[in-house]
Number of protein chains: 2
Amino acid sequence: MDIKNQLKALNNSARMQILEWLKKPDANFPPHESGLTFENGVCVAYIQEKAGISQSTTSQYMSILHQAGFVLPTRIGKWTYYKRDEEKISQFMQALNGIMTISGEIK
Amino acid sequence: MDIKNQLKALNNSARMQILEWLKKPDANFPPHESGLTFENGVCVAYIQEKAGISQSTTSQYMSILHQAGFVLPTRIGKWTYYKRDEEKISQFMQALNGIMTISGEIK
DNA sequence: TCAACATATCGCGATTTGTCAATATGTTGA
DNA sequence: TCAACATATTGACAAATCGCGATATGTTGA
């Protein structure tokens, strides 16, 4: 919600990369063994494996991204799937743009 | 230059505010006693006073903003003036936008 | 050349962040 | 109900950052 925490969330290579990977789940992750599509996003285990970080760190990072409003979790059975919240991401970029630039517009 | 350091530079309220103040120097700072306009930006002492932080911290913050490419220093006599580098700021926003959004465009 | 001044750099303790292993919570299938 | 499993939370410690005072550097006017 507040831009300070959103910038903080982005201030980490792994979290940044995760957000990028989630742009195209099918290009970056294997299909879910459960047969589920990526409609609700990607499960934590896959993100962890791809990022090469521990399970606890991965879970924590996803929580930070969630608090920042960048991702949405969906719990299905014992899995939690995370997907990007495009609307919030877009709102963040607009807000940052307003703060950073004079015109408030990308040239 | 690299977006990681630029995000790091923004990850601090004081630095963020300084960048905003420098959008409109004449609205945020008194005229320079030297009679100089804000063409080259604002001297460190004024920034320090407005931000309410120590001289050393102010100098360091300006250095961080400079390394990030967000401001340009001009030394005139014993004073250093800093102004925004609009071009670099714009480039940064474009780059971040490309990384953060799917389309690479602000909607 | 020297004193006064503006800014930069250094060194430090305090706080925050990174990242993990261990453990807790919640879910499913047997 | 229980064992296996996916994820979340906790506790710990190293590394990075914050922000200061002290000091160094560079500039000007006397």
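Labels below follow one simple rule: chain letters A, B, ... track the order of the sequence lines, proteins then strands, and each chain is numbered from 1. Values below: all heavy atoms of this structure, side chains included; hydrogens, waters and symmetry mates excluded.
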message: Once you measure the plane-to-plane angle for B:Phe70 and B:Phe92, does it fall in the parallel (<30°), tilted (30-60°) or perpendicular (>60°) bin?
response: perpendicular
field: A:Ile18 CD1 - C:dG18 C1' separation (whole Å)
entry: 13 Å
Rounded distance (Å) that lies between atom P of D:dC18 and atom CD1 of B:Ile53: 11 Å
statement: Whether each nucleotide of nucleotides 2-15 of chain D has a protein heavy atom under 4.0 Å at its base (B), only at its sugar-phosphate (S) or at neither (-) is summarised, 5' to 3', as ---BSBBB------
query: For DNA chain C, whose closest nucleotide is more 5', that of A:Gly52 or that of A:Gly77?
result: A:Gly52
query: Expressed in angstrom and rounded to an integer, what is the separation of A:Leu7 atom CG from C:dT16 atom C1'?
result: 16 Å
query: How many Å lie between NZ on B:Lys8 and C1' on D:dA16, as a whole number?
result: 8 Å
- request: For the residue pair B:Ser54 and B:Thr57, confirm or rule out a side-chain donor-acceptor distance under 3.5 Å.
  value: yes
task: Can you tell me the distance, in whole Å, between the CG atom of A:Asn12 and the P atom of D:dT17?
output: 12 Å
field: Interatomic distance, A:Gln17 CD vs C:dG18 P [rounded to whole Å]
entry: 15 Å
message: Nearest 0.5 Å, please: how far is CD in A:Gln6 from CD1 in A:Ile64?
response: 13.5 Å
- prompt: How long is the gap from CE on B:Met62 to CD on B:Gln48, to the nearest 0.5 Å?
  reply: 12.0 Å
- prompt: With under 30° as parallel and over 60° as perpendicular, where do the rings of B:Phe29 and B:Tyr46 fit, or are they tilted in between?
  reply: parallel
query: Given that both distances must come in under 3.5 Å, which nucleotide forms a Watson-Crick or G-U wobble pair with D:dT28?
result: C:dA3
task: Could you state the atom-to-atom distance from CG of B:Leu10 to P of D:dT17 in whole Å?
output: 14 Å
query: If we only count heavy atoms from C-beta on, is the B:Asp26 to B:Phe38 side-chain gap below 4.5 Å?
result: yes
query: Quick one: is C:dT17 close enough that its OP1 or OP2 comes under 4.0 Å of any side-chain N or O from A:Asn11?
result: no
message: In the structure I gave you, are the side-chain heavy atoms of A:Lys83 and A:Val71 within less than 4.5 Å of one another anywhere?
response: no
message: Could you tell me how far apart B:Asn5 (CG) and D:dA16 (P) are, to the nearest whole angstrom?
response: 13 Å
